[in-house]
Amino acid sequence: WHLLRKRYTICINESLFRCICIFILHHHITQNRQTHTQTHTVDHHKLNANPNGTPTPPHRTPYIVGFGGSGTVESVSPNADDETTRAFLNKNVCFIADPSKDGSYAEYIVCDVRLVAIIPDSYYDVDNSMASAASIPVAGCTALECMEKVGLKFVLPGNCDEVGGSGSSSNSSCKPTTTMKEGSRLLIVGGSGGVGSWITRLARAAYPELDIVCTAGSKESSEWCTKNGASTTIGHDEIEKKLGGGPKGSCDFILCLTEPTVALFASLSEVLRPFGKICLVVAGSDIKMLDLSFVFFKSGTVSTETVFSSIRCGYFLDQALEMSIILEALGRGALVAPLCDGWNEHRSDWREANKEGGYIDMVGSGHMRGNMVMKMGGGDK
């Protein structure tokens, strides 16, 4: 409770679990219980710690991982008299966790209210509704943001709302803001993972005529990408061979969700069409050695994406709105959250998930398809 002495704090809770989240909101406090947390390969990396046994990062012990989830607001502080604060009371929500603070694999979590979205009533017909909501904050928002960076704003027909914008959903004349030329192509490198699955489903819902190509490393992953809405799947090392490169290229939009090695980026530069756009979502040592000369020749654009940049830069984006847009689309039945292939409620319980061969190991294997969420708590401690 020493955390509550900090300014702008709110707290969260949910009926099935004994998990409490603390959110920041203009001097007022709400208490909530968390239901599910999204699990990610980054979580597994952090849990493995360094070779010498010290946690990552070493200055934070114990280090609690987890960067997003879902829960229910249980109470607000007595002095919370403004409508914005009290609107969260007794509401189910999903949220992004601040990576500089303890995460969502815990009983307590600190999170800013600007990273919290109320789940609308229309959403509850969705299968595994709270689990699906927990898959939105990290992977869903990453997908939405990198799509926007290559010019693919997610706007459903009949809905003027878009990321970073506003409008009336009653205007049936609303259309996606990107004019889709005949033959336009989106390439998703690493399409079967959590973010890739969201991108494929979001892009297919908003742009039915778009040619979506996903790279996949196995027959199972290829089938998963097709199920999500991909037009075609190819091997990771077949990009230039199957799609065609050169000055004219073959892809308008490229989202790279794997390490952009020198060889891979050379292939992306080849298939990029003139004035096309590339977004890199994973960064490693190879990013220091990328050759941009062919992209420069084509007047291409290269951007990068991490969902936490907005938090680190003073809440640059309205990520609560991003989550709300996806929640609305799910509630309208425009798409289905891409939970992991074979996900079930029992195995997602954190006790089961942490057993050998459980969901945590599956996340760490690097071969998971879709999004994994873990149920936090329930029953005795």
Side-chain angles (χ1 to χ4, degrees), residues 142-155 157 162-165 175-191 193 195-196 198-216 225-226 228-284 286-306 309 317:
T142 299
L144 214 60
E145 289 173 15
C146 63
M147 284 175 60
E148 182 183 16
K149 287 176 179 178
V150 297
L152 295 173
K153 292 184 182 293
F154 180 70
V155 186
E162 60 178 280
V163 179
K175 299 291 182 183
T177 56
T178 296
T179 301
M180 200 58 59
K181 297 179 182 178
E182 185 177 354
S184 292
R185 176 178 286 161
L186 164 64
L187 170 63
I188 306 171
V189 182
V195 176
W198 268 117
I199 292 170
T200 307
R201 296 192 183 197
L202 289 166
R204 179 56 70 218
Y207 302 95
E209 303 305 317
L210 179 63
D211 183 19
I212 302 175
V213 179
C214 292
T215 70
C225 291
T226 301
N228 287 334
S231 311
T232 310
T233 61
I234 59 177
H236 298 308
D237 58 353
E238 297 180 317
I239 293 173
E240 189 177 346
K241 176 182 177 181
K242 290 290 184 71
L243 302 181
K248 292 185 178 180
S250 55
C251 298
D252 305 272
F253 320 101
I254 300 176
L255 300 175
C256 184
L257 310 177
T258 65
E259 174 72 21
T261 64
V262 172
L264 173 57
F265 192 79
S267 292
L268 302 185
S269 300
E270 282 286 339
V271 301
L272 183 70
R273 282 178 173 155
F275 300 93
K277 298 181 180 181
I278 300 173
C279 183
L280 306 176
V281 185
V282 177
D286 282 342
I287 204 168
K288 302 174 184 178
M289 301 177 284
L290 299 185
D291 181 358
L292 296 175
S293 56
F294 206 17
V295 176
F296 183 88
F297 171 81
K298 296 180 177 182
S299 292
T301 300
V302 178
S303 60
T304 61
E305 162 64 19
T306 166
S309 293
L317 301 175

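Note that the numbering runs from 1 along the sequence shown for the chain.
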Roughly how far, to the nearest 0.5 Å, is the OG atom of S303 from the CG atom of L255?
-> 8.5 Å

With sequence neighbours left out, what residues match S231 under side chain to side chain donor-acceptor pair (under 3.5 Å)?
-> R204, D211

For C225 and T200 the tightest heavy-atom approach is O-CG2, 4.2 Å

Between S184 and F253, which heavy-atom pair has the shortest distance, and what is it?
-> CB-CE1, 4.3 Å

With sequence neighbours excluded, what pairs up with F297 under the ring pair (Phe, Tyr, Trp, His ring centres under 6.0 Å) test?
-> F294

E305 and T142: which non-hydrogen atoms are nearest, and at how many Å?
-> OE2-CA, 3.8 Å

Enumerate the residue pairs fulfilling side chain to side chain donor-acceptor pair (under 3.5 Å) with a member in residues 255-271, sequence neighbours excluded, ordered by first and then second residue.
-> none

Closest non-hydrogen contact found for V150 with I278 is CG1-C, 4.1 Å

Is T215 reaching over with its side chain to a backbone N or O of G190, donor-acceptor style, under 3.5 angstrom?
-> yes

Could you please spell out the steps behind the side chain to side chain contact (heavy atoms under 4.5 Å, CB included) verdict for F265 and D286?
-> CA-CA 10 Å; F265 192 79; D286 282 342; over 6 Å; no

Residues 239-247, side-chain donor-acceptor partners within the protein, below 3.5 Å, at least two apart:
{"residue": "K242", "atom": "NZ", "partner": "E238", "partner atom": "OE1", "Å": "3.4"}

In terms of heavy-atom contacts, S309 and T306 come closest through OG-CG2, 2.6 Å

Start with the C-alpha distance between V213 and C251, add both sets of side-chain angles, then the distance that settles side chain to side chain contact (heavy atoms under 4.5 Å, CB included), and finish with yes or no.
-> CA-CA 9 Å; V213 179; C251 298; over 6 Å; no

First locate atom CG of L264, then atom NE2 of H236, and finally report the distance between them rounded to the nearest 0.5 Å.
-> 9.5 Å

Determine, step by step, whether I199 and L257 satisfy the side chain to side chain contact (heavy atoms under 4.5 Å, CB included) criterion, reporting the C-alpha distance in whole Å, the side-chain angles of both residues, the deciding distance to 0.1 Å, and the verdict.
-> CA-CA 10 Å; I199 292 170; L257 310 177; 4.0 Å; yes

Does K277 use its side chain to pair, donor to acceptor, with the backbone of K149 at less than 3.5 Å?
-> no

Reported CD1-to-CG distance for the pair I254 and L272, which is rounded to 0.5 angstrom = 5.0 Å

State the SG-CG distance between C214 and L187, to the nearest 0.5 angstrom.
-> 8.0 Å

Check the pair L290 / L280 against side chain to side chain contact (heavy atoms under 4.5 Å, CB included), numbers first and verdict last.
-> CA-CA 12 Å; L290 299 185; L280 306 176; 3.9 Å; yes

Interatomic distance, F154 atom CZ to W198 atom CH2 [nearest 0.5 angstrom] = 8.5 Å

Flag side-chain contact, heavy atom, 4.5 Å: L268 against P260 = no

Closest non-hydrogen contact found for A203 with I212 is CB-CD1, 3.9 Å

Could you pull out all residues at least two apart from K298 that satisfy salt bridge (charged side-chain N to carboxylate O under 4.0 Å, His left out)?
-> none

Residues in side chain to side chain donor-acceptor pair (under 3.5 Å) with D252, at least two apart?
-> R273

